[in-house]
Structure formats: structure tokens, C-alpha cells
Amino acid sequence: QVQLDESGGGLVQAGGSLRLSCAASGRTLSSYAMGWFRQAPGKERELVAAISGSGYRTHYAESVKGRFTISRDKGETTVYLQMNSLKPEDTAVYYCAADRSFGGVVIGLLDREYDSWGQGTQVTVSS
């Protein structure tokens with residue numbers, strides 16, 4: 001496991017933007033596939049976006065394609081989720097997760113495949 005800390009959540013109006021950050025402590029994330037999940041009250045946790053350890057491959061939920069972008073920093077300690085054109089339906093607690101399976105080459109699509117989790121950051125989008 002690796003310690004992960006999310007930041008960047010907040011309140012934003014529909015159509016606005018936020019950038020979430022997930023920082024690792026103690027080690028780099030180059031050997032981890034990284035994912036952003038979200039969970040709204042009364043709903044199941046869902047994968048929003050994921051990125052391979054190399055950063056060359058990404059995956060997005062259909063609901064956020066064209067609006068959200070996941071990326072990794074050059075120092076390999078932080079992963080970002082840039083969220084544009086936000087909608088009220090995007091309101092949820094967003095979690096960062098790390099998966100070391102296959103050395104980060106393969107992107108995991110299920111939450112149970114991830115080893116480490118952040119505490120979450122609240123994103124609220126008003127109409």
C-alpha cells in the first residue's frame with residue numbers, strides 16, 4: 001500500500017471546472033496504475049478515469065468523456081483529474097486509488113483491484 005491524499009474538491013457552478021490532485025507519500029507511483037472513483041449518496045462507487053503507470057494509456061467512463069482528463073506529473077508522485085464542463089450529476093465524493101498489479105501496465109476497472117485509497121474529496125456542482 002501507498003498513502004494517498006486527495007485535494008482540490010469544492011463547490012462549483014454547472015459549467016465550471018475543478019482540478020483534483022492525488023499525492024503519494026513515501027514512494028513514486030510509476031509502478032502503479034491510478035484511478036479516480038466517485039460515489040454519490042445512495043449510489044455505488046464508480047470508476048471515473050484511470051491511467052497506466054507509464055501514463056500512455058487512459059480510460060474514462062462514458063459519462064465524463066470529453067469533459068474530464070486524467071494525467072500524471074513528471075515527478076511521478078501526483079495524479080490529476082481535470083474536470084471541465086461540470087454538471088450537477090458529477091456531485092459526489094471523489095477517491096484516488098492505486099493498483100500495483102502488473103507493475104501498473106494494466107488499468108484496473110474494478111474498485112476491488114486497487115490496493116490503496118485516499119480519504120476522498122467532496123465535489124459539489126450546483127445548477
Side-chain angles (χ1 to χ4, degrees):
Q1 293 185 334
V2 60
Q3 182 176 338
L4 303 173
D5 296 302
E6 305 102 330
S7 62
L11 175 65
V12 65
Q13 292 185 345
S17 299
L18 286 173
R19 189 177 76 159
L20 306 183
S21 299
C22 175
S25 298
R27 64 178 64 194
T28 66
L29 298 172
S30 60
S31 297
Y32 294 79
M34 302 296 299
W36 283 99
F37 293 79
R38 68 185 181 187
Q39 186 168 30
K43 296 186 177 181
E44 295 183 353
R45 184 165 54 190
E46 63 174 343
L47 178 66
V48 176
I51 188 168
S52 64
S54 66
Y56 289 134
R57 297 194 298 278
T58 57
H59 171 85
Y60 296 95
E62 290 295 327
S63 60
V64 307
K65 283 184 177 179
R67 300 189 298 120
F68 291 9
T69 303
I70 189 170
S71 62
R72 313 180 72 117
D73 73 337
K74 187 180 299 182
E76 302 179 343
T77 59
T78 308
V79 63
Y80 303 97
L81 183 67
Q82 178 67 46
M83 305 185 294
N84 299 325
S85 301
L86 283 163
K87 304 175 181 179
E89 301 94 287
D90 296 318
T91 296
V93 177
Y94 284 71
Y95 298 90
C96 174
D99 174 22
R100 66 176 297 175
S101 300
F102 305 105
V105 175
V106 177
I107 294 176
L109 302 180
L110 303 175
D111 55 5
R112 61 182 173 85
E113 299 180 51
Y114 288 78
D115 306 297
S116 304
W117 293 81
Q119 293 300 117
T121 184
Q122 177 70 47
V123 172
T124 303
V125 184
S126 62
S127 60

Before giving the answer on side-chain contact (heavy atoms from CB on, under 4.5 Å), spell out for M34 and R72 the whole-Å C-alpha distance, their side-chain angles and the decisive distance to 0.1 Å.
CA-CA 9 Å; M34 302 296 299; R72 313 180 72 117; 3.5 Å; yes
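The structure places CG of D99 at 12.0 Å from CG of L29, a figure rounded to the nearest 0.5 Å. One distance of note links OG of S101 with CD1 of I107; it measures 13.0 Å at 0.5 Å rounding. Considering OG of S71 and CG of L81, their distance stands at 8.5 Å, rounded to 0.5 Å. For the atom pair Y80 OH and S7 OG, the distance stands at 9.0 Å (nearest 0.5 Å). From L20, atom CG reaches atom CD of Q82 across 9.0 Å, with rounding to the nearest 0.5 Å.
Linking ILVMFWY residues whenever their side-chain heavy atoms come closer than 4.5 Å, directly or via other members, places L109 and Y114 in the same cluster. Residue V125 is grouped with residue F68 when hydrophobic side chains (ILVMFWY) are merged at heavy-atom distances under 4.5 angstrom, including chains of intermediate members.
In this structure, Y32 contributes its side chain and G103 its backbone to no donor-acceptor pair below 3.5 Å. Panel note: side chain R38, backbone V93; no donor-acceptor pair is recorded below 3.5 Å. Using modelled atom types, no side-chain atom of N84 and backbone atom of S17 make a donor-acceptor pair closer than 3.5 Å. Here the side chain of T91 pairs no donor or acceptor atom with the backbone of T124 at under 3.5 angstrom. Listed for the E76 side chain is no donor-acceptor partner under 3.5 Å among the backbone atoms of S30. Judged purely by atom type and a 3.5 angstrom limit, E6 uses its side chain to pair as donor or acceptor with the backbone of G120.
Heavy atoms from other residues, nucleotides or ligands lying under 6.0 Å from CZ of R100 number 12 at most.
Cation-pi contact between R45 and W117: present, with separation from the ring centre below 6.0 Å and deviation from the ring axis of at most 45°.
A heavy-atom distance below 4.5 Å is not found between the side chains of Q119 and D5. At a threshold of 4.5 Å between non-hydrogen side-chain atoms, the residues W36 and C96 count as touching. Between Y95 and D111, the closest side-chain pair of non-hydrogen atoms is not below 4.5 Å.
Considering F37, Y94, Y60 as possible partners of V48, the one that fulfils the side chain to side chain contact (heavy atoms under 4.5 Å, CB included) test is Y94.
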